[in-house]
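Remarks on the structure that follows.
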Amino acid sequence: MTIWTAYLRQGRPPVLVPETFSWGAALFGPLWLAVHGAWIAAVLALCAGLALGLALPAPAGTLAALALAWFLGLTGQDLRRWSLEQRGWRLAGVVAAPDDDGALARLLEGRPELIAEAVA
(Lines give C-alpha, C1' and ligand atoms only; values in the text may rest on other atoms or scores of the structure.)
Protein backbone atom coordinates (compact mmCIF):
# COMPACT_ATOMS: atom_id res chain seq x y z
CA MET A 1 0.00 0.00 0.00
CA THR A 2 1.33 3.42 -0.96
CA ILE A 3 0.49 6.81 0.47
CA TRP A 4 -0.48 9.36 -2.21
CA THR A 5 -0.89 13.12 -1.99
CA ALA A 6 -3.37 14.69 -4.39
CA TYR A 7 -3.02 18.22 -5.72
CA LEU A 8 -5.67 20.25 -7.53
CA ARG A 9 -5.68 23.34 -9.66
CA GLN A 10 -8.78 24.98 -11.12
CA GLY A 11 -9.85 23.27 -14.35
CA ARG A 12 -7.07 20.67 -14.27
CA PRO A 13 -7.19 16.98 -13.39
CA PRO A 14 -5.68 16.02 -10.03
CA VAL A 15 -1.98 15.25 -9.81
CA LEU A 16 -1.18 12.28 -7.58
CA VAL A 17 2.28 12.06 -6.06
CA PRO A 18 3.36 8.85 -4.29
CA GLU A 19 5.31 8.82 -1.04
CA THR A 20 7.97 6.42 -2.30
CA PHE A 21 11.60 6.22 -3.28
CA SER A 22 11.88 7.47 -6.86
CA TRP A 23 14.08 5.29 -9.03
CA GLY A 24 13.51 7.71 -11.91
CA ALA A 25 14.93 10.59 -9.89
CA ALA A 26 17.83 8.45 -8.68
CA LEU A 27 18.77 7.26 -12.18
CA PHE A 28 17.95 10.32 -14.28
CA GLY A 29 18.18 13.13 -11.68
CA PRO A 30 17.71 16.57 -13.21
CA LEU A 31 15.99 15.20 -16.32
CA TRP A 32 13.36 13.41 -14.19
CA LEU A 33 12.80 16.58 -12.16
CA ALA A 34 12.41 18.70 -15.30
CA VAL A 35 9.91 16.26 -16.84
CA HIS A 36 7.83 16.53 -13.68
CA GLY A 37 7.94 20.34 -13.74
CA ALA A 38 10.35 20.82 -10.83
CA TRP A 39 12.55 23.23 -12.78
CA ILE A 40 14.25 24.94 -9.86
CA ALA A 41 15.19 21.60 -8.28
CA ALA A 42 16.34 20.31 -11.69
CA VAL A 43 18.70 23.25 -12.20
CA LEU A 44 20.05 22.97 -8.65
CA ALA A 45 20.61 19.21 -9.01
CA LEU A 46 22.37 19.73 -12.35
CA CYS A 47 24.62 22.42 -10.86
CA ALA A 48 25.40 20.24 -7.84
CA GLY A 49 26.26 17.29 -10.07
CA LEU A 50 28.52 19.40 -12.29
CA ALA A 51 30.21 21.02 -9.28
CA LEU A 52 30.87 17.64 -7.66
CA GLY A 53 32.18 16.20 -10.91
CA LEU A 54 34.53 19.10 -11.53
CA ALA A 55 35.69 19.69 -7.96
CA LEU A 56 36.45 16.14 -6.83
CA PRO A 57 38.93 13.57 -8.14
CA ALA A 58 37.67 10.32 -9.70
CA PRO A 59 37.00 8.06 -6.69
CA ALA A 60 35.55 10.80 -4.49
CA GLY A 61 33.59 12.27 -7.41
CA THR A 62 32.01 8.90 -8.13
CA LEU A 63 30.99 8.46 -4.50
CA ALA A 64 29.61 12.00 -4.40
CA ALA A 65 27.61 11.38 -7.61
CA LEU A 66 26.17 8.20 -6.09
CA ALA A 67 25.29 10.08 -2.91
CA LEU A 68 23.57 12.79 -4.96
CA ALA A 69 21.64 10.15 -6.93
CA TRP A 70 20.54 8.47 -3.69
CA PHE A 71 19.51 11.83 -2.24
CA LEU A 72 17.45 12.66 -5.34
CA GLY A 73 15.79 9.24 -5.15
CA LEU A 74 14.84 9.87 -1.53
CA THR A 75 13.60 13.43 -2.04
CA GLY A 76 12.42 13.43 -5.66
CA GLN A 77 8.73 13.12 -4.86
CA ASP A 78 9.03 15.77 -2.13
CA LEU A 79 10.62 18.11 -4.66
CA ARG A 80 7.66 17.44 -6.99
CA ARG A 81 5.24 18.35 -4.18
CA TRP A 82 7.14 21.53 -3.42
CA SER A 83 7.17 22.50 -7.08
CA LEU A 84 3.43 21.90 -7.45
CA GLU A 85 2.75 24.12 -4.44
CA GLN A 86 5.00 26.85 -5.85
CA ARG A 87 3.01 26.77 -9.12
CA GLY A 88 -0.33 27.28 -7.37
CA TRP A 89 -1.54 23.70 -6.92
CA ARG A 90 -3.21 23.06 -3.58
CA LEU A 91 -3.24 19.93 -1.50
CA ALA A 92 -6.60 18.20 -1.93
CA GLY A 93 -6.02 15.15 0.20
CA VAL A 94 -3.88 12.22 1.26
CA VAL A 95 -4.97 8.66 0.53
CA ALA A 96 -3.59 5.15 0.77
CA ALA A 97 -3.95 2.90 -2.27
CA PRO A 98 -1.96 0.29 -4.18
CA ASP A 99 -1.76 2.37 -7.40
CA ASP A 100 -2.62 5.78 -8.81
CA ASP A 101 -6.01 4.70 -10.17
CA GLY A 102 -6.99 3.36 -6.76
CA ALA A 103 -5.73 6.56 -5.14
CA LEU A 104 -7.85 8.71 -7.44
CA ALA A 105 -10.92 6.53 -6.83
CA ARG A 106 -10.42 6.71 -3.07
CA LEU A 107 -9.87 10.46 -3.17
CA LEU A 108 -13.06 11.08 -5.16
CA GLU A 109 -15.00 8.63 -2.99
CA GLY A 110 -14.08 10.57 0.12
CA ARG A 111 -14.44 14.02 -1.43
CA PRO A 112 -16.96 13.94 -4.31
CA GLU A 113 -17.03 17.74 -4.49
CA LEU A 114 -13.58 17.57 -6.07
CA ILE A 115 -15.11 16.21 -9.29
CA ALA A 116 -16.99 19.46 -9.90
CA GLU A 117 -14.00 21.51 -8.77
CA ALA A 118 -11.58 19.78 -11.13
CA VAL A 119 -13.75 20.31 -14.21
CA ALA A 120 -14.90 23.86 -13.37
Side-chain angles (χ1 to χ4, degrees):
M1 194 67 72
T2 303
I3 303 296
W4 299 79
T5 52
Y7 287 89
L8 283 181
R9 192 168 178 182
Q10 192 71 23
R12 307 283 296 273
V15 174
L16 297 165
V17 182
E19 182 64 39
T20 60
F21 182 87
S22 173
W23 284 103
L27 296 174
F28 302 109
L31 179 62
W32 184 89
L33 290 166
V35 166
H36 286 88
W39 295 102
I40 294 171
V43 169
L44 291 174
L46 181 63
C47 291
L50 290 173
L52 291 171
L54 295 173
L56 299 173
T62 302
L63 288 175
L66 288 172
L68 178 61
W70 184 256
F71 174 76
L72 289 175
L74 289 172
T75 62
Q77 302 295 359
D78 295 324
L79 294 170
R80 274 183 72 191
R81 284 184 200 79
W82 178 81
S83 179
L84 286 167
E85 290 171 1
Q86 297 304 308
R87 290 184 287 146
W89 291 76
R90 66 177 179 79
L91 180 64
V94 178
V95 294
D99 58 13
D100 58 345
D101 290 334
L104 181 59
R106 218 172 249 201
L107 175 71
L108 296 176
E109 178 183 302
R111 296 197 47 202
E113 75 276 4
L114 295 179
I115 297 171
E117 231 179 276
V119 295

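The basis for the numbers below is simple: all heavy atoms, side chains too, and nothing from hydrogens, waters or symmetry mates.
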**Asked** Among Thr20, Val94, Asp100, whose side chain to side chain contact (heavy atoms under 4.5 Å, CB included) with Trp4 holds?
**Response** Asp100
**Item:** Closest heavy-atom pair and its distance - Thr5, Tyr7
**Value:** OG1-CE1, 3.6 Å
**Request:** State, to 0.1 Å, how close Ala103 and Val95 come at their nearest heavy-atom pair, and which atoms those are.
**Result:** O-CG2, 3.5 Å
**Prompt:** Between Phe28 and Leu52, is there a shared hydrophobic cluster once you connect ILVMFWY residues whose side-chain heavy atoms come closer than 4.5 Å?
**Reply:** yes
**Request:** Taking all non-hydrogen atoms of both residues into account, name the closest pair between Ser83 and Gly37 and its distance.
**Result:** OG-O, 2.9 Å
**Asked** What are the two closest non-hydrogen atoms of Leu16 and Pro18, and how far apart are they?
**Response** O-CD, 4.0 Å
**Asked** Looking only at heavy atoms, what is the nearest atom pair of Ala45 and Leu33, with distance?
**Response** CB-CD1, 4.1 Å
**Prompt:** Parallel, tilted or perpendicular: which describes the rings of His36 and Trp32, with under 30° parallel and over 60° perpendicular?
**Reply:** tilted
**Item:** Closest approach of Trp82 to Ile40 (non-hydrogen atoms, all atoms of both residues)
**Value:** CH2-CD1, 4.0 Å
Using distance only, find each side-chain donor-acceptor pair of residues 54-79 under 3.5 Å and give its atom names and separation, not counting sequence neighbours.
residue, atom, partner, partner atom, Å
Thr62, OG1, Ala58, O, 2.9
Thr75, OG1, Phe71, O, 2.8
Gln77, OE1, Arg80, NH1, 3.1
Asp78, OD1, Arg81, NH1, 2.9

**Verify same cluster id: Leu91, Trp89 (apolar side-chain graph, 4.5 Å)** = yes
